[in-house]
Number of protein chains: 4
Amino acid sequence: MAGTSAASSRSDAVRNRRLLLDAAAAMFAEHGVEVSIGEIAQRAGVGKGTVFRHFSSKDELLAAIMLGLLGELNDTGGALLAADDAGLALRRFMTACVETFVRDRAFCETVGRPSLQHAQVREAIHRLCEVAEALTARARQEGAVRPGITGIDVVLLVSGIQHTAEPLLAAEPEAWRRYLELAIDGITTDTGRALPHPPPRHLPLAETGATAASPGAPDPGGDPPRARRPAP
Amino acid sequence: MAGTSAASSRSDAVRNRRLLLDAAAAMFAEHGVEVSIGEIAQRAGVGKGTVFRHFSSKDELLAAIMLGLLGELNDTGGALLAADDAGLALRRFMTACVETFVRDRAFCETVGRPSLQHAQVREAIHRLCEVAEALTARARQEGAVRPGITGIDVVLLVSGIQHTAEPLLAAEPEAWRRYLELAIDGITTDTGRALPHPPPRHLPLAETGATAASPGAPDPGGDPPRARRPAP
Amino acid sequence: MAGTSAASSRSDAVRNRRLLLDAAAAMFAEHGVEVSIGEIAQRAGVGKGTVFRHFSSKDELLAAIMLGLLGELNDTGGALLAADDAGLALRRFMTACVETFVRDRAFCETVGRPSLQHAQVREAIHRLCEVAEALTARARQEGAVRPGITGIDVVLLVSGIQHTAEPLLAAEPEAWRRYLELAIDGITTDTGRALPHPPPRHLPLAETGATAASPGAPDPGGDPPRARRPAP
Amino acid sequence: MAGTSAASSRSDAVRNRRLLLDAAAAMFAEHGVEVSIGEIAQRAGVGKGTVFRHFSSKDELLAAIMLGLLGELNDTGGALLAADDAGLALRRFMTACVETFVRDRAFCETVGRPSLQHAQVREAIHRLCEVAEALTARARQEGAVRPGITGIDVVLLVSGIQHTAEPLLAAEPEAWRRYLELAIDGITTDTGRALPHPPPRHLPLAETGATAASPGAPDPGGDPPRARRPAP
DNA sequence: CATGAATGAGGCTTCATTCAT
DNA sequence: CATGAATGAAGCCTCATTCAT
């Protein structure tokens, strides 16, 4: 019903997109990926249809938020490459990463999982690993981390740190610092002994049918590759 | 007691119960707690109703599986208390824990989360923390772990290790050993510096209002305690 | 598994039937016809299958109980036919009826409803109406009830009295006496004015396909004939 | 408020809501509260989900219908308070009530039962009792009803009248008039004898623990308060 | 004969997504 | 463009009845 005059459709849309991203970011952060589109729309003060006008699916919306956060981390990491103290830079990068994880439930559920369907998110995670690798390499050369530690290790660790601290966070929001410190100690101290498993070369990010899976056999039972356990 | 009940004596029922537990264990392990009762029943080769004959709800079934796994770990930990080398005993306990986590997606989603509704599971986790504390205390006295590390730290860490390695496991099922080693190095090496956050006193396990819930924080709107981030 | 010797199968069965009838009577009385077979079996201390050995369906079991109660009322009514004071006899019959209704939730839900499928129950209700008619006729002749009141009226009224008092019974178990008195006053006092609707000739008891309904058209949408209400 | 909400403004939604209410009213009237949401949706020609868009649960839908009917009766009663002939006004009120009961199976199953969970429905029934009391009081002063008859008596009686006539209604839709007349005669004629039970003070409407529930009777095992009969 | 295990249809409810207004 | 109404698949759970032990 037209409504308040011949509204400036363009700027309205821009504003709505902003409202939507903010609302979705907050809701995903608080409630995780399971939050319903309806709740996000309500928080944004728009209709549910508007969500789908701006984002073709819930996954796209989620991806947009995640890309924003990943972008921030990539920027942070990039800036830290210019720091003098490589060890401190790495520590700051890891701190920034854990803070992001700790703040955002959906980020935890999305990043570092092999079930990532979204190409751009995979790409951004890949870049994050590269940034982490660059920072780690500098720290390695400086002797600030033990040999064999890679950027992927670092990215995986920050995700794990959040998970470690998770049960405590409601009562003690800063508890993650304890486990970050432990992890940094773990990758810093050179015990002389080699780690029992070679460093990961790359982060395997699931693809629905890319290289290996022939399109004719799309894994009908389909599921994120996980779990073994032989029948007992 | 509820649901799990005593013995069903009849041989076919026992067999079906076994089939059911195995199927549920496998499905929960592979697909996590979200797997549907229908799929479990199908895998077990029984009707949906049969699941509910043996377990009064999906939660009871899940709890039965989780209690089994937690029981195994508790037994393992208990046995290791008799070992000579306390440091090695702790390592073996942590290894056993991570192996369980790594094998079982639902275990990861259930244990160490603050949203545990099931009293017996909470109790078993509590016992796991006590076993971990006993093992850790011995290792601490022996100097095998740095001061201030507690059993709860250990339990939280093994959960985090699984999470850290998770993206690699499909391609490299033993990758968790790398991160377990890092974590053990982290809690072993005494850097002299104190950790930035005091050790956790207890694992906060959600309760609907039972014993511990302070009357001042009734959380009426109810939600898994999680997430910060004020509205932007 | 034979068990405790070569049990006297005959007397066992008799005993079980008794246990079952008592348990079913109590459960139907307390919880109404919706009570589950499982609960009845449990209360009787027998297996669910035993219920179906003795009664081919839940309806048969229900009918057996109802027939017992109806039989008692018929006997009571029959005995009262020999009483001197016909008015008092009728009052006593009605009192006995209401007491039965008030004691038994399933009796209320079953008797006097047009949805009675069970031939023997229909027959017993029919007999109850005849007994009521005999008592009423005597009272009418004696001038103890106004003209035009029939046995069917009486049977319908006692059912209605229970229903009237129902909401009060939990708090005041004897409240039905108030409404029984009102009803008796209603059928006793001759106002001189004729009642606005002719006395019912017979109690229409539903049949699933007896006389009218051709077996080829078994009322597929099937439902107790009830309710009109044109679209408003 | 809940569920029913304000206006839906959009014309198709309004139309569907209307269709839904009509369909639900008809189905509840015909088949009682046990009718399934699926059947209601089908009758309305909408999807099952649409029902839940308009009403947050089956209970809310039922309550909406019941509140409508109770509202009509309350309005009718209120208007009759202005009538000259208080006795006639009461008769007309009772007639309107019975007509509503007789038309609607769910209304019978809902109103006057102690198992009412819905606060607004309880409230509306309470108001109905007040209206009935006002009408009855006027009739009492006028000598049109015998002493001691209350509004609650009247409300209970109309419910009982429906129940009395129920078995006849399919064959003789107006048969209730006979029993209404009897009931009116019962409460009109002053026999001089006091009724055997004191008039009900209030209609006990089940509450989960709200206002009136005496702390001494918390009914922990929970069950619709009903049934006596000790275990045999 | 008795048991209680298994079945499976059917009920309520949620939610991503589509589409008429 | 925005809206929010409609959809329908899917999930959990109950229970009368059948049947292997």
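Naming convention: chains lettered A, B, ... in sequence-line order (proteins, then strands); numbering from 1 in each chain. As the structure is a prediction and not an experimental result, all values here were calculated from the model.
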Write out a two-atom table: protein N or O, nucleotide N or O from nucleotides 9-11 of chain F, distance below 3.5 Å.
none

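- At least one side-chain nitrogen or oxygen of D/H54 sits closer than 4.0 Å to the OP1 or OP2 atom of F/dA6.
- Checking B/F52 against D/N16, the closest nucleotide of DNA chain F that is more toward the 5' end is the one next to D/N16.
- Rounded to whole angstrom, the span from the CZ atom of C/F55 across to the P atom of E/dA2 amounts to 12 Å.
- Residue C/A25 comes nearest to C/I65 through the heavy atom pair N-CD1, 3.6 Å, listed as atom of the first residue, atom of the second, then distance.
- Looking at D/I37 and D/L61, their side chains come closer than 4.5 Å, going by heavy atoms from C-beta outward.
- Across the protein-nucleic acid pair, A/Q42 atom CD and E/dT14 atom C1' stand 15 Å apart, rounded to whole Å.
- Applying the salt bridge (charged side-chain N to carboxylate O under 4.0 Å, His left out) criterion to C/R18, with sequence neighbours excluded, gives C/D22.
- Between the CD1 atom of B/I40 and the P atom of F/dC12 there is a distance of 8 Å, given to the nearest Å.
- Summarising the geometry, the separation between NE2 on C/H31 and C1' on F/dT14 is reported as 17 Å, rounded to the nearest angstrom.
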Which dot-bracket notation, 5' to 3', represents the base pairing of DNA chain F when pairs are defined as Watson-Crick or G-U with both distances under 3.5 Å, crossing pairs as [ ], and inter-strand pairs as |? .||||||||||||||||||||

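- In terms of phosphate contacts, A/R53 brings a side-chain nitrogen or oxygen within less than 4.0 Å of OP1 or OP2 of F/dA2.
- For F/dT7, the OP1/OP2 oxygens have a side-chain nitrogen or oxygen of D/T50 closer than 4.0 Å.
- When atom types are taken as modelled, the side chain of C/K58 and the backbone of C/V35 share a donor-acceptor pair closer than 3.5 angstrom.
- For C/E60, the CD atom is densely surrounded, since the number of other residues' heavy atoms within 6.0 Å is greater than 12.
- Computed from coordinates, the A/E60 CD to E/dA16 C1' distance equals 14 Å when rounded to whole Å.
- For the pair A/V33 and C/G45, nearest-nucleotide mapping onto DNA chain E gives the more 5' position to C/G45.
- Of all heavy-atom pairs between A/A23 and A/R43, the closest is CB-CG, 3.6 Å.
- One can place CG of A/L20 at 13 Å from C1' of F/dT3, the figure rounded to the nearest angstrom.
- At a threshold of 4.5 Å between non-hydrogen side-chain atoms, the residues B/F55 and B/L20 count as touching.
- The shortest side-chain heavy-atom distance between C/L21 and C/H54 does not fall under the 4.5 Å cut-off.
- With A/E109 contributing its side chain and A/V33 its backbone, the two residues share a donor-acceptor pair below 3.5 Å.
- Residue-to-nucleotide proximity on DNA chain E shows that, of A/S57 and D/S57, the 5′-proximal contact is made by D/S57.
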